Amino acid sequence: MPDTMREMEETKRKLDTSHTRKGLVLLTISYTAIATLIAASILNFLLGLLIAIADLVGIVGGLLIVIGRDSFGRAHSRNTILSVLFFIISIVTITTGKILFGATLVLSQIPNGTITYGNTTSSTVNPHLISYIASMMAAALAGLGIVFLTYALHRKTGRIILSISYITFLTLTILMTALVLQGFEIRSSITLDLSSLQEMRYQYEIIQLLTIIPTLAFAFSFYLALRRINRREIPESNRTENLAPHSENSNRLRPLSSNISK
């Protein structure tokens, strides 16, 4: 019975390791492709549409890591669950933002841009403001999900790379959102300044190119976790397997040494 349980645990561990390894490979490929497509989309907008395909590949990789979480310890298992929660909240946030965007867009069509409640009057909110702020919040939550997904699989160096990548990604996302909202303000003003809009577009494209840096850093962090698995550093049971032959050999040598002393 103990042997059967041990075999079942070994089979489960190998299956979890296989799922996690495949997930990390897909995530590494996905984020490397996204970085490449971001650069290519500056030259050709249609190439940017392929980012959605790369995102789907990344989602599949993330799901494989979640499926194979059990054999990599409690910390990793807990973090992957938190990662899933962050992604779910991110989806809810972006969906809520789209709904509010549609509602405020309809309300903004009211003459003079006002809504009357009894004897009071209030101005409608800019629908684009709601949409882009919701998108920024969703991106921040999704970024946290990416960090937590593999955080426990890393040593100190990998964790630092993940943290810096997220901070950089969040900063660039905030800057791009601010530029877009500022552009909407200029377009809605009485005097349209085309030169200012052109300058903002140029700045936006530069910041968009800079997002390649954290994207490639995320891809590199996934590769580091994959390398630890390939080197059998994780899961922990691999270490005990590698040490087992040495302990067996030492146990065999002990009787010989004791006989010699006698």
Side-chain angles (χ1 to χ4, degrees), residues 2-35 54-90 141-170 213-251:
D3 291 338
T4 304
M5 292 294 295
R6 192 179 297 110
E7 290 175 0
M8 291 176 63
E9 291 177 357
E10 176 67 13
T11 302
K12 178 69 168 58
R13 183 186 63 79
K14 288 182 178 179
L15 191 61
D16 288 344
T17 303
S18 176
H19 284 148
T20 302
R21 181 184 288 112
K22 290 176 182 176
L24 289 169
V25 169
L26 290 177
L27 281 170
T28 304
I29 294 172
S30 171
Y31 274 72
T32 304
I34 289 172
D55 282 334
L56 288 175
V57 174
I59 290 172
V60 173
L63 289 175
L64 286 173
I65 292 176
V66 173
I67 292 172
R69 68 186 183 276
D70 291 334
S71 296
F72 290 85
R74 292 182 179 179
H76 176 63
S77 183
R78 181 192 65 242
N79 286 352
T80 52
I81 298 301
L82 287 173
S83 175
V84 172
L85 289 176
F86 280 126
F87 276 109
I88 291 174
I89 298 173
S90 172
L141 290 167
L144 277 177
I146 294 169
V147 172
F148 274 87
L149 185 63
T150 61
Y151 191 82
L153 299 179
H154 290 284
R155 289 175 175 167
K156 185 178 180 180
T157 302
R159 293 177 180 181
I160 291 174
I161 292 174
L162 276 175
S163 301
I164 294 175
S165 300
Y166 174 70
I167 293 171
T168 306
F169 164 77
L170 184 60
I213 298 173
T215 305
L216 286 177
F218 277 127
F220 182 66
S221 70
F222 298 141
Y223 166 74
L224 290 178
L226 177 64
R227 188 173 66 174
R228 291 197 70 200
I229 293 177
N230 290 336
R231 289 180 174 180
R232 300 177 68 83
E233 295 177 9
I234 50 176
E236 294 294 332
S237 55
N238 283 334
R239 294 183 180 180
T240 57
E241 286 181 2
N242 292 335
L243 293 174
H246 299 287
S247 61
E248 289 179 2
N249 291 334
S250 61
N251 289 332

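Here the structure is a predicted model, which means the values were calculated and not measured. For reference, positions follow the sequence shown, starting with 1.
- A donor-acceptor pair under 3.5 Å is absent between the side-chain atoms of Arg228 and the main chain of Ala225, judged by distance alone.
- Residues satisfying the side chain to side chain contact (heavy atoms under 4.5 Å, CB included) test with Ile59, not counting sequence neighbours, are Leu56, Leu63.
- Applying the ring pair (Phe, Tyr, Trp, His ring centres under 6.0 Å) test to Phe169 and every residue at least two apart in sequence or in another chain returns nothing.
- Residues passing the ring pair (Phe, Tyr, Trp, His ring centres under 6.0 Å) test with Phe87, sequence neighbours excluded: none.
- Under the side chain to side chain contact (heavy atoms under 4.5 Å, CB included) criterion, Leu170 pairs with Ala140, Tyr166, Ile174, sequence neighbours left out.
- Counting heavy atoms from C-beta on, the side chains of Ile65 and His76 come closer than 4.5 Å.
- Distance check: Leu216 CG to Ile34 CD1 gives 10.5 Å after rounding to the nearest 0.5 Å.
- The nearest pair of heavy atoms linking Gly158 to His154 is CA-ND1, 3.7 Å.
- Interatomic distance, OG1 of Thr150 versus CG of Leu226, reported as 11.0 Å (0.5 Å rounding).
- The ring pair (Phe, Tyr, Trp, His ring centres under 6.0 Å) search around Phe148 returns Phe86, not counting sequence neighbours.
- The minimum heavy-atom distance linking Thr32 with Thr28 is given by the pair OG1-O, 2.7 Å.
- For the pair Ser83 (side chain) and Asn79 (backbone), a donor-acceptor distance under 3.5 Å is absent.
- Residue pairs that meet the side chain to side chain donor-acceptor pair (under 3.5 Å) test with at least one member in residues 18-27, sequence neighbours left out, are Arg21-Asn230.
- Listed here is the closest heavy atom pair of Leu24 and Phe222: CD2-O, 3.9 Å.
- Taking the charged nitrogens against the carboxylate oxygens, Arg6 and Glu9 have no contact shorter than 4.0 Å, which rules out a salt bridge.
- Of all non-hydrogen atoms in Leu141 and Ile89, the two that sit nearest each other are CD1-CG2, 3.5 Å.
- Note that CG of Leu153 is 13.0 Å distant from CZ of Arg69, once rounded to the nearest 0.5 Å.
- Among residues two or more places apart in sequence or in another chain, the salt bridge (charged side-chain N to carboxylate O under 4.0 Å, His left out) test is passed with Asp55 by none.
- Taking every heavy atom of both residues into account, Ser165 and Pro214 meet most closely at O-CB, 3.5 Å.
- A donor-acceptor pair is defined here as one N or O able to donate and one able to accept, closer than 3.5 Å; such a pair exists between the side chain of Ser221 and the backbone of Phe218.
- With sequence neighbours excluded, the residues that form a side chain to side chain contact (heavy atoms under 4.5 Å, CB included) with Ala33 are Ala54.
- By the salt bridge (charged side-chain N to carboxylate O under 4.0 Å, His left out) test, Lys12 is found to be paired with Asp16, Asp70, residues two or more places apart in sequence or in another chain being considered.
- Atom CD1 of residue Ile146 and atom CG of residue Leu149 lie 8.5 Å apart, to the nearest 0.5 angstrom.
- Annotation: side chain to side chain contact (heavy atoms under 4.5 Å, CB included) contacts of Ile160 (sequence neighbours excluded): Lys156, Ile164.
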